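This one's a predicted model, so the numbers in the text were calculated from it and none came from an experiment. Note that the numbering runs from 1 along the sequence shown for the chain. Note that these values count all heavy atoms, side chains included, but never hydrogens, waters or copies made by symmetry.
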Amino acid sequence: MTRHASGLAMSLVQSVDWPAVAPPTIAALTGLAVLVADLFLPERRKPLLGWAAIAGLALAALSLLPLLDGDRSTFCLTTGAHACSYTADTFALVIQFLVLGGALLTALLSFSALEDLKLPAGEFWFLLLSSAAGAALLPASRDLATLVIALEVASLPAFALVGLRRGDRLSSEAALKFFLSSVTATAVMLLGVSFVYAATGSLHLSRIAAALTHVDPRLDTLAQAGVVLTLVGFAFKTAAVPFHFWVPDTYVGAPVPVAAYLSVVGKAVGFSGLILVTVLAFPAYGDVWGPAVAVLAALTMTAGNVAALRQRPERAFSAVRLLAWSSVAQAGYLLVPIAAAGSAGSARDASRAIGSTVAYALMYAAVNLGAFAVAALVARTSPANRLTDYRGLYAARPAAALALGFFLLCLAGLPPGVIGLFAKVTVFSAAVDAGLGWLAVVMALNVVVALFYYLQWTAVLFRAPAPAAGTGPAPAARPAAVPLTAAIGLTAVLGIVLSGAPQLVLRFASGTLL
């Protein structure tokens, strides 16, 4: 009896593949180390915490290299069908690279913000690393419980980052709005997860997919409701219409580096979760979520572009608001290949469509972080960050103006931003191949509409400085911090390299799932 019990206990013990879980683990451990070190470091040595955070994120990104030799899984069931809670496959590695790279660039942006806004360094770096750890965990999650936990680990520190400017009314309102809307979306998603579990009897994505192919007819309505409600939570994280209303106020109230982080890493978290539940867990219900995602894509890109067109250049924080609405529109483009995956006739076609989303996300991450980096630079001399503050930027800071112009042209999909054009054509092709001609037409119209505000902002950069004092950017009154300059330079170089060889992105992202 004792031997039998011992054997049963051993069969339930799971071995942990530590190299596979290294990326999120290193980020989390670095965050804890920074938090403890903050207790003992004097104020004049607080900048060391930032460099420690950068080193931890770089080490977490480097830990992806040993995982490139093949898929690795851990935390697997020891009885019954093979199912694992964590899988380091190509999809997970690409998104983890995006997340950790985005967090690293955000860290470089944040040095000057911590100094200018007097933010508490220890809390800031701990929250950033904690959120990055959750964001890196999510794309490798292969059961709904781990997905939800990773989503909340990525989100909860982000609420605090948005409201970290103590005593600032805009920051507090932004954090409260972000928190309340996110909690509501999470509650709806958890209700959907419970419905799915009730209908299938499992939380593992692979077993859910198998169970939904022959679900009890009496539970079919419950399963469909669970699928729809589960998607709502991820639709909020992706800022899809009508779950986008938190975006502009949150971006304006947050420090600029935090807004940059939410626009890239926060969006990557939402899209990776949405891809996992739709393509891996709910392929049998593609006729339910495919059309729904297509409608969401059309509404999101249209609402984002129309709102961006309405921004008044002289309004306070109009530059950040424009980037916020632009990110909503870009979310619509990112949703198009996911909708195409719902209409795909085979797993191979679905994988190719998802590769288009991942390729677009990589392009968007590089150039959008670059645009926010220049916005952070201008905010040092023009805290209101109006679009009119960028007039004559070329005369004051030629390199920054050229970089921002390049980033805006990439987002618009115009040369020399070839990578932006390439990404949009890839997404457009995914819609056409899936038979979603109407969605391709809507996307084409929105791309034309977006050209107006991207080109309008680009033109402002090269106009002569305004004659009235204080309306243009201060001419190098405050030299750019070295980390901030490095962030602008890195994103510009990355955008130029990808524009020179855009096929590298698609090769890197293609075949990332299934």
Side-chain angles (χ1 to χ4, degrees), residues 109 112-113 115-117 162 165 168-171 173-174 177 246-260 262-263 304-330 367-409 411-412 449-481 484 487-488:
L109 297 182
S112 58
E115 176 188 343
D116 297 340
L117 302 176
V162 171
R165 285 191 291 183
D168 186 280
R169 182 183 61 83
L170 282 177
S171 181
E173 289 182 359
K177 179 176 289 189
W246 58 274
V247 173
D249 290 340
T250 298
Y251 283 25
V252 167
V256 174
V258 176
L262 292 176
S263 74
N305 283 320
V306 169
L309 279 175
R310 297 180 59 191
Q311 296 307 306
R312 299 195 304 274
E314 70 281 357
R315 182 183 181 185
F317 308 109
S318 54
V320 176
R321 284 187 179 275
L322 191 147
L323 286 174
W325 285 114
S326 166
S327 73
V328 173
Q330 298 290 339
V367 299
N368 206 59
L369 278 170
F372 269 104
V374 178
L377 177 64
V378 173
R380 302 198 74 197
T381 52
S382 303
N385 224 324
R386 302 177 180 89
L387 286 170
T388 52
D389 294 330
Y390 291 77
R391 179 174 176 176
L393 182 63
Y394 181 75
R397 301 185 188 272
L402 289 172
L404 180 57
F406 175 68
F407 297 139
L408 294 174
L409 291 176
L411 290 171
V449 170
L451 292 178
F452 178 79
Y453 60 83
Y454 285 130
L455 291 177
Q456 186 179 47
W457 191 357
T458 304
V460 168
L461 303 175
F462 301 96
R463 293 178 63 186
T471 57
R478 301 183 64 184
L484 181 55
I488 297 173

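- Here the CG atom belonging to Leu408 is positioned 9.5 Å from the CG atom belonging to Asn368, to the nearest 0.5 angstrom.
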For a quick test of your reading: what N or O donor-acceptor pairs under 3.5 Å do the side chains of residues 315-325 make, sequence neighbours left out?
residue : atom : partner : partner atom : Å
Ser318  : OG   : Pro313  : O            : 3.1
Ser318  : OG   : Arg315  : O            : 3.0
Ser318  : OG   : Leu387  : N            : 2.9
Arg321  : NH2  : Asp249  : OD1          : 3.4

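- Between the CD atom in Gln311 and the CG atom in Leu309 there is a gap of 9.5 Å [rounded to 0.5 Å].
- Within 6.0 Å of OH in Tyr394 there are 12 or fewer heavy atoms belonging to other residues, nucleotides or ligands.
- Between Leu404 atom CG and Leu409 atom CG the span is 9.5 Å, to the nearest 0.5 Å.
- Of the possible polar contacts, one joining the Arg386 side chain to the Glu314 backbone as a donor-acceptor pair under 3.5 Å is found.
- The shortest heavy-atom contact between Phe462 and Ala401 is CZ-O, 4.2 Å.
- A salt bridge is defined here as a Lys NZ or Arg NE, NH1 or NH2 lying under 4.0 Å from an Asp or Glu carboxylate O, and Lys177 with Glu173 fails to meet this definition.
- When all heavy atoms of Val378 and Tyr390 are compared, the pair lying nearest together is CG2-CE2, 3.5 Å.
- A pairwise comparison of heavy atoms in Asn305 and Ala329 identifies OD1-CB, 3.4 Å as the closest pair.
- If you check the side chains of Ser326 and Tyr454, you find a donor sitting under 3.5 Å from an acceptor.
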For residues 250-258, dump all side-chain donor-acceptor pairs below 3.5 Å to protein atoms at least two apart in sequence or in another chain.
residue : atom : partner : partner atom : Å
Thr250  : OG1  : Trp246  : O            : 2.6
Tyr251  : OH   : Ser263  : N            : 3.4

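- Listed here is the closest heavy atom pair of Leu484 and Ala373: CD1-O, 3.6 Å.
- Heavy atoms only, all atoms of each residue included: Ile488 and Ala403 are closest at CG2-CB, 3.9 Å.
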